[in-house]
*Asks:* 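First the structure, which I've put down as structure tokens, then a few questions once you've had a look.
In the text below, chain A, chain B and the rest are named by the order of the sequence lines, each starting its count at 1.
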Amino acid sequence: MHTLLKASAAAALLAAMAACASRPPPVEEQPVAPPPVEETVEETETVVTEPVETSSITPGSLEDFRVNVGERVYFDLDQFRLDSDDQEILKRQAAWLNAYPNVRVLVAGNADERGTREYNLALGERRASAAKDYLVSLGVSASRIDTVSYGKERPIAGGSNDESWAMNRNAWTQIVSGATS
Amino acid sequence: MLKRLMPLLAVILLALGLAAPASAQLQVRVDEGNFKPTPIAIPDFQVTGSNTQLARQIADVVRADLASTGLFDMQNPASFIQRDLSINAEPRFADWKIIRTDALVVGAFEELPDGKLAVSFRLWDVYGGELMRINGEPGRRLTTTPENWRRIAHKIADSIYTRLTGEDPYFDTRLVYIAETGPKTERVKRLAIMDSDGANQQYLTSGRSTVLTPRFSPSSQEITYMSFEGGRPRVYLFNIETGRQELLGNFPGMTFAPRFATDGQSVLLSQAQRGNTDVYIMNLRTRESRRLTDHPAIDTSPSMSPDGQSVVFNSDRGGTPQLYIMNTDGSPRACPSGGRDTACRITFGKGRYSTPVWSPRGDLIAFTKQEGGKFYIGVIGIDGSGERLLSESYLDEGPDWSPNGRVIVFFRENRPGAGPQLWSVDLSGRNERRVMTQTDASDPAWSPVLQ
């Protein structure tokens with residue numbers, strides 16, 4: 001299980017990096033105004049992200065979740081509010097989880113390194129809980145979702161710059177069990 | 001304001017007492033504005049036996065301890081004129097006045113028939129021309145086993161420091177900290193312990209689980225800390241003597257930010273559950289816990305006042321992380337900014353404040369401050385007045401106090417991407433210095449003075 005997590009972590013890092021490249025560069029502190037359009041206009045985004053042959057991916061597998069759904073949502077500085085991008089990813093996660101009811105997940109909340117350890121542990125927990133609450137509101141049973149906070153202790157990006165910090169402010173939905181192999 | 005590289009200075013007061021009694025002897029002032037380190041001479045000790053090398057090492061540690069305070073100007077042995085010092089005779093004060101030393105330590109090292117060693121010493125006020133009694137005694141004699149020699153050195157340094165400054169001792173203590181290795185994205189964090197001067201470093205945990213924020217018990221050989229053992233953050237107790245590790249409490253959520261209560265009988269900590277973090281206190285004997293805050297904001301990093309009546313903590317209930325004080329019993333208190341409340345905010349400066357730690361003397365709170373892309377260690381009065389910043393860098397975090405409340409230890413990342421190191425700074429803001437560790441290190445915490 002440990003090696004599985006590790007492998008999926010490495011894969012997720014690559015995926016997140018790829019995702020990052022296609023996202024607008026994160027901006028510090030600037031409150032993101034809610035987009036004027038409703039969530040239905042996001043169709044194009046799925047086209048942009050991955051040139052992966054979806055046919056080679058087993059539905060219900062870890063890879064399916066990682067590639068076709070998306071494991072992470074990202075937060076603004078000091079925030080735990082879910083913006084429309086985050087909600088879109090969580091909706092896909094919820095739909096997937098509802099389709100594969102044996103899957104259990106762990107949502108890990110993370111913070112960037114520009115805060116103190118203890119506060120960031122609390123902030124990470126808030127972020128994980130925000131993601132969990134949203135999944136639950138979309139019909140996923142709370143008993144299938146554990147949460148944990150890693151504070152600033154487990155960055156996925158090792159840099160000390162705005163890009164890395166933006167990557168490290170996330171809630172990461174990790175499949176614990178029940179996926180198709 | 002403070003400048004990091006300001007010279008390490010201290011004022012001396014040479015009271016050539018005519019009317020005043022013995023207390024008017026040589027006195028090193030630790031708080032004065034106009035600083036000049038006090039010249040002190042510590043020649044190698046007289047040796048009875050063959051272990052000249054060990055005798056010299058002990059004297060070296062005494063010298064290093066005292067020099068590390070920034071309050072003393074350690075005189076160069078090559079300049080010493082009198083070479084026939086004896087612990088049983090008065091020194092030739094004139095010889096020591098020529099080299100302008102104010103204080104002189106004369107020591108003697110003996111190997112005892114049972115294999116132990118003993119060190120005796122006396123402290124002389126050169127300009128006063130008299131012996132400085134220590135706890136009413138004309139000198140001290142300390143005995144121990146050879147492998148424990150460093151503690152004798154620290155105790156001698158403590159005696160001299162306390163006698164000359166009037167401050168409580170702090171050299172014969174230890175630091176617990178987090179030893180860090182490996183790349184940032186796969187960091188290994190282990191609990192480690194060492195003497196206050198960085199000697200005798202040992203690892204207490206294997207590194208299999210990430211551990212954070214160790215803190216010493218004020219009354220026993222125990223540490224409380226947070227570990228990811230079992231996958232989620234939880235607070236543990238660790239017994240230094242037995243190596244036994246024990247989960248603290250049975251909280252449904254994750255627990256972190258532990259710190260012993262002043263009497264050592266309870267542990268303050270945070271529990272996070274369903275997106276909300278509050279502060280609790282757990283009695284170590286009954287294992288019953290009581291909730292101290294009940295607020296939808298993050299409440300964490302509790303630290304108790306020395307009298308046990310109050311708890312300072314970090315909360316973002318005002319929108320950003322700031323410091324608040326509450327009564328331990330939950331009753332409302334009169335806030336310095338007016339009105340009565342269950343929690344009074346004490347920080348109103350620009351920036352974010354966190355990791356408050358109450359001084360052992362009771363009058364100050366040390367904190368981490370984050371503002372304008374920098375981090376600072378500072379202190380503030382318990383009524384929110386007199387904020388002073390003592391250090392500044394890319395990341396300075398996690399202060400803890402020496403048991404005498406004179407020195408603050410913290411960790412620092414000097415620049416983006418640099419690994420953390422331990423540093424200390426005097427309460428005056430002077431004498432910032434690195435505390436050497438074998439690996440990157442963070443979250444230092446000071447032990448009480450050893451018994």
*Asks:* How many angstroms lie between CG in A:N168 and NZ in B:K184, if you round to the nearest 0.5 Å?
*Replies:*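 If I round to the nearest 0.5 Å, the distance is 8.0 Å.
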*Asks:* Using non-hydrogen atoms and a 4.5 Å limit, figure out which bit of B:Y394 sits close to chain A: side chain, backbone, both or neither.
*Replies:*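 Both backbone and side chain of B:Y394 come within 4.5 Å of chain A.
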*Asks:* Does any heavy atom of chain A fall under 4.5 Å from the side chain of B:R415, the backbone, both, or neither of them?
*Replies:*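 Neither part.
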*Asks:* Measure the CG-OG1 distance between A:L121 and B:T277 for me, rounded to the nearest 0.5 Å.
*Replies:*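 Between atom CG of A:L121 and atom OG1 of B:T277 there are 8.5 Å.
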*Asks:* For B:F256, does the six-membered ring have the charged nitrogen or CZ of A:R117 within the cation-pi criterion, i.e. under 6.0 angstrom from the centroid and within 45° of the normal?
*Replies:*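 No, A:R117 does not lie over the aromatic ring of B:F256.
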*Asks:* Would you mind checking which part of A:A130 comes under 4.5 Å of any heavy atom in chain B, side chain (CB onward), backbone (N, CA, C, O), both or neither?
*Replies:*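 For A:A130, there is no contact with chain B at all, as no heavy atom is under 4.5 Å.
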*Asks:* How far apart are the C-alpha atoms of B:E413 and A:S160, what are their side-chain angles, what is the distance that settles it, and do they pass the side-chain contact (heavy atoms from CB on, under 4.5 Å) test?
*Replies:* CA-CA 11 Å; B:E413 293 174 10; A:S160 291; 5.8 Å; no
*Asks:* Considering only heavy atoms, which portion of B:Q271 lies under 4.5 Å from any heavy atom of chain A: side chain, backbone, both, or neither?
*Replies:*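 Neither part, no heavy atoms under 4.5 Å.
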*Asks:* With a 4.5 angstrom heavy-atom cut-off, which part of A:F80 approaches chain B: side chain, backbone, both or neither?
*Replies:*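 For A:F80, there is no contact with chain B at all, as no heavy atom is under 4.5 Å.
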*Asks:* Check each atom of B:N276 against the heavy atoms of chain A and say whether the ones under 4.5 Å are side chain, backbone, both or neither.
*Replies:*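 When you check distances to chain A, only backbone atoms of B:N276 fall under 4.5 Å.
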*Asks:* What part of A:N161 lies closer than 4.5 angstrom to a heavy atom of chain B: side chain, backbone, both or neither?
*Replies:*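 No part of it gets close to chain B.
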*Asks:* Does a side-chain heavy-atom distance below 4.5 Å link B:M254 with A:S149?
*Replies:*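 Result yes, sub-4.5 Å side-chain heavy-atom pair found.
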*Asks:* Looking at A:D146 and B:R232, what are the two nearest heavy atoms and their distance?
*Replies:*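 Closest approach of A:D146 to B:R232, heavy atoms only: OD1-NH2, 4.1 Å.
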*Asks:* Regarding B:T210 and A:E153, do their side chains bring together a donor and an acceptor under 3.5 Å, going by distance alone?
*Replies:*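 No, because no side-chain N or O of B:T210 sits under 3.5 Å from a partner of the opposite role on A:E153.
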*Asks:* Does A:E125 reach the main-chain N or O of B:G275 with its side chain, forming a donor-acceptor pair under 3.5 Å?
*Replies:*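 Judged by distance alone, yes, a pair lies under 3.5 Å.
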*Asks:* Does any backbone or side-chain atom of B:T300 lie under 4.5 Å from a heavy atom of chain A? Answer side chain, backbone, both or neither.
*Replies:*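 The side chain, not the backbone.
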*Asks:* Check for me whether A:R114 meets the cation-pi criterion with B:F375, that is, NZ or CZ under 6.0 Å from the six-membered ring centre and within 45 degrees of the ring axis.
*Replies:*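 Verdict for B:F375: no cation-pi partner in A:R114.
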*Asks:* Please state whether the side chain, the backbone, both or neither of B:R274 comes within less than 4.5 Å of a heavy atom of chain A.
*Replies:*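 Answer is backbone: N, CA, C or O of B:R274 sit under 4.5 Å from chain A.
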*Asks:* In terms of heavy-atom pairs under 4.5 Å, which option from B:K189, B:M226, B:R187 contacts chain A the most?
*Replies:*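 Looking at each of B:K189, B:M226, B:R187 in turn, B:K189 comes out on top.
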*Asks:* Does the side-chain contact (heavy atoms from CB on, under 4.5 Å) test come out yes or no for B:E186 and A:R154, once each step is laid out?
*Replies:* CA-CA 7 Å; B:E186 225 166 315; A:R154 296 200 186 173; over 6 Å; no
*Asks:* At under 4.5 Å between heavy atoms, what parts of residues 314-322 of chain B are in contact with chain A? List them by residue number.
*Replies:*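 Within residues 314-322 of chain B, the residues under 4.5 Å from chain A are B:N314, B:D316, B:P321.
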*Asks:* Quick test of your reading: applying ring-ring contact (aromatic ring centres under 6.0 Å, His included), list the pairs with at least one residue in residues 100-130 of chain A, sequence neighbours left out, ordered by first then second residue.
*Replies:*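 Passing the test, one end in residues 100-130 of chain A: A:W96-A:Y100.
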*Asks:* Compare every heavy atom of A:A122 with every heavy atom of B:I298, then report the nearest pair and how far apart it is.
*Replies:*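 Closest approach of B:I298 to A:A122: CG2-CB, 3.4 Å.
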